[in-house]
Amino acid sequence: MATETTLIEIGVLFAAAASAGVLANRLGQSVIPLYILFGMVLNEYVLGTAPVPEFLTPVVGETFPYLAETDFIYLGAELGIVFLLFFLGLEFNLERLLETRNRIGKAGSIDLALNFGVGLVLGWFFFGDLLAAFILAGIVYISSSAIITKSLIDLGWIANDEADAMLGTLVYEDLFIAIYLAVVSALVLGGGNVGDAIGQIGAAMAFIVGLLVLVYFGSEWFQQLLETDSFEFLVLRTLGVLVLVSGAALSLGVSEAVAAFFVGMAFSSTDHVHDLEQLLAPLRDTFAAVFFFWIGLLTDPSVFGGVAGMIVIAALLTTPAKLVSGYLGGRIYDLDERRSIRVGLGMVTRGEFSLIIASTVIAVTSSGSGGAIGTGVVDTIYAFSVGYVLLMSILGTTLMQYSDRVEAALVPRLERVAGTEKQPGN
């Protein structure tokens, strides 16, 4: 339950996030896992239970003061999700989506069939329950739009051909997850009854179709909306549309992340994309840090011991699955072996949506209405999700950073199998 926020709590949050960024730079790793870890260190399960040295008792009391989930942190986390997906939409406008719909459809379908299928098998093996398997499949299926997009920018891949294949597959995944989240919420809330999900799915589809119509026919309106000489008004108008639409989506049971993605696509058709990226990037990064930090605040590290084996098994099976589906997706985009391997390496990373799925299940179950899945299973799934994301985010970003070594080892073998020679300059 969120509580009132004090200024010192906000200060602790941002100081911890800044420290995580410094450490990430020194380690040469993505900062996202460190945001989660720093959140865990400061939460009630770690700092709140740590023994207090006797000489500090007069100062801090019997227990260390810890950082709790507050209204600000909760809403900041929501804004982090919204900004991350808004920026993804800015990179992929509707015209570009329609032009490459065949490639997106083929690559995305391979990605879905292989990785969601592996997740279903794993979920059934772990829990022996179809609904739990369905939830776990979504968690291990979807790659991290936030981390991958940020890595593409940091590594300078965003303008390369492999970025199109990655972003196209991410778009497919995000659209699928929009419906998937509605189905999961309805199934858990409705005691596992598929029929009870129809109404919520219909509302989600109607909202998404409405957003698509707005994106397709509203480009001139969005252009006029942003016509101003003031950066202040440009930001305020953009936030007014973005946050309002995302909030409306959430109130209707549609993922705010998906709504933000479509709003980003709408603004991508204007002449102000560069200004929006420059002005809103600091807000995106700030609230994204709050989101990942919030995940850490909710996580009890002691539960990882019970799911460590599950996490290792899942990583060993899902990493090759993503590598294969990503490589095949790259070939669908007519990329050579080297760039297709990069697509596979990039898609390994898991992140925000895996955590959103687990958080959604916990939120629905904790409402007291859901009886479709036991509390123990829900807690296990959540613990698995956090540990899995921590591992896969580190593994995925590391594979992207050292992709040249993987390419050097695999490309000659793939070229020999295909009977081709390495193309100069690639």
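Just so you know, residue 1 is the first one in the sequence shown, and it goes up from there.
- In this structure, the side-chain contact (heavy atoms from CB on, under 4.5 Å) partners of Val31, at least two apart in sequence or on a different chain, are Ala20, Ala24, Tyr35.
- Between Leu42 and Leu13, the closest side-chain pair of non-hydrogen atoms is not below 4.5 Å.
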side-chain contact (heavy atoms from CB on, under 4.5 Å) assessment of Ile332 paired with Ile110: CA-CA 10 Å; Ile332 288 172; Ile110 291 174; 3.5 Å; yes
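- Residue Ile139 holds its CD1 atom at 6.5 Å from OG of Ser354, rounded to the nearest 0.5 Å.
- With rounding to the nearest 0.5 angstrom, the CG atom of Leu355 is 11.0 Å from the CD1 atom of Ile142.
- Atom CG of Leu328 sits about 8.5 Å away from atom OG of Ser340, to the nearest 0.5 Å.
- The minimum heavy-atom distance between Ile341 and Tyr327, with the atom names listed, is N-CD1, 3.9 Å.
- Side-chain contact check for Leu225 versus Thr238: every heavy-atom pair is 4.5 Å or farther apart.
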Using the rule given for side-chain contact (heavy atoms from CB on, under 4.5 Å), can you reason through Ile135 versus Tyr180, listing the C-alpha separation, both sets of side-chain angles and the distance that settles it, and then say yes or no? CA-CA 9 Å; Ile135 294 170; Tyr180 170 88; 4.3 Å; yes
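- Annotation: side chain of Ser151 is in contact with side chain of Ile147 (closest heavy-atom distance under 4.5 Å).
- Residues Ala107 and Gly329 come closest through the heavy atom pair CB-CA, 3.8 Å.
- Of all non-hydrogen atoms in Ser143 and Ile148, the two that sit nearest each other are CB-CD1, 3.6 Å.
- In this structure, Arg350 contributes its side chain and Val348 its backbone to a donor-acceptor pair below 3.5 Å.
- Side-chain contact check for Leu410 versus Arg338: every heavy-atom pair is 4.5 Å or farther apart.
- Checked for salt-bridge contact, Glu173 and Lys322 meet the test: a charged N lies under 4.0 Å from a carboxylate O.
- A side-chain donor-acceptor contact under 3.5 Å links Asn43 to the backbone of Gly296.
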Check residues 273-295 and write down every donor-acceptor pair under 3.5 Å in which the side-chain atom is one partner and the other belongs to a residue at least two apart or another chain.
| from | atom 1 | to | atom 2 | distance (Å) |
| --- | --- | --- | --- | --- |
| Thr286 | OG1 | Pro282 | O | 2.8 |
| Trp294 | NE1 | Glu69 | OE2 | 3.0 |

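- Here Leu170 contributes atom CG and Ile177 contributes atom CD1; the two are 11.5 Å apart, rounded to the nearest 0.5 Å.
- Nearest heavy-atom pair across Ala248 and Ser251 is O-OG, 2.6 Å.
- Counting all heavy atoms, side chain and backbone alike, Ala266 lies closest to Phe222 at CB-CE1, 3.4 Å.
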Can you check side-chain contact (heavy atoms from CB on, under 4.5 Å) on Ser145 and Leu84, steps first, answer last? CA-CA 8 Å; Ser145 301; Leu84 287 169; over 6 Å; no
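- Between the CD1 atom of Ile381 and the CD1 atom of Ile357 there is a distance of 10.5 Å, given to the nearest 0.5 Å.
- Ser268 places a side-chain N or O within 3.5 Å of a backbone atom of Met265 that can act as its donor or acceptor partner.
- Ser403 pairs by the side chain to side chain donor-acceptor pair (under 3.5 Å) definition with Glu407, not counting sequence neighbours.
- Within 6.0 Å of CZ in Phe125 there are 12 or fewer heavy atoms belonging to other residues, nucleotides or ligands.
- Legend: residues meeting side-chain contact (heavy atoms from CB on, under 4.5 Å) with Asp300, ordered by chain and number and at least two apart, are Tyr45, Ser302, Val303.
- Counting heavy atoms from C-beta on, the side chains of Thr70 and Glu9 come closer than 4.5 Å.
- Side-chain contact check for Leu323 versus Thr319: some heavy-atom pair is nearer than 4.5 Å.
- Judged by distance alone, with hydrogens and angles left aside, the side-chain atoms of Gln223 form a donor-acceptor pair with the main-chain N or O of Asp271 at under 3.5 Å.
- Side chains of Ile104 and Tyr333 form a contact here, defined as non-hydrogen atoms less than 4.5 Å apart.
- Side-chain atoms of Asp129 come within 3.5 Å of backbone N or O of Ala132 as a donor-acceptor pair.
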Step by step, would you call Phe83 with Leu239 a side-chain contact (heavy atoms from CB on, under 4.5 Å)? CA-CA 10 Å; Phe83 279 119; Leu239 293 181; 3.5 Å; yes
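- Residues passing the side-chain contact (heavy atoms from CB on, under 4.5 Å) test with Val118, sequence neighbours excluded: Leu122, Leu317, Thr318, Ala321.
- Listed by chain and residue number, Phe116, Tyr141, Tyr172, Phe176 satisfy the side-chain contact (heavy atoms from CB on, under 4.5 Å) test with Leu112 (two or more places apart in sequence, or in another chain).
- Under the 3.5 Å distance criterion, with hydrogens and angles disregarded, no donor-acceptor pair is assigned to the side chains of Thr169 and Asp111.
- Residues Tyr388 and Val307 form no side-chain contact, since every pair of their non-hydrogen atoms from C-beta on lies 4.5 Å or further apart.
- Checked by atom type and distance alone, the side chain of Ser109 never pairs as donor or acceptor with a backbone atom of Lys106 at under 3.5 Å.
- The distance from atom CG of Leu120 to atom CG of Leu136, rounded to the nearest 0.5 Å, is 9.0 Å.
- Under 4.0 Å is where a charged nitrogen must lie from a carboxylate oxygen, and between Arg103 and Asp164 no such pair does.
- Summarising the geometry of Thr299 relative to Met40, their closest heavy-atom pair is CG2-SD, 3.6 Å, with the distance given to 0.1 Å.
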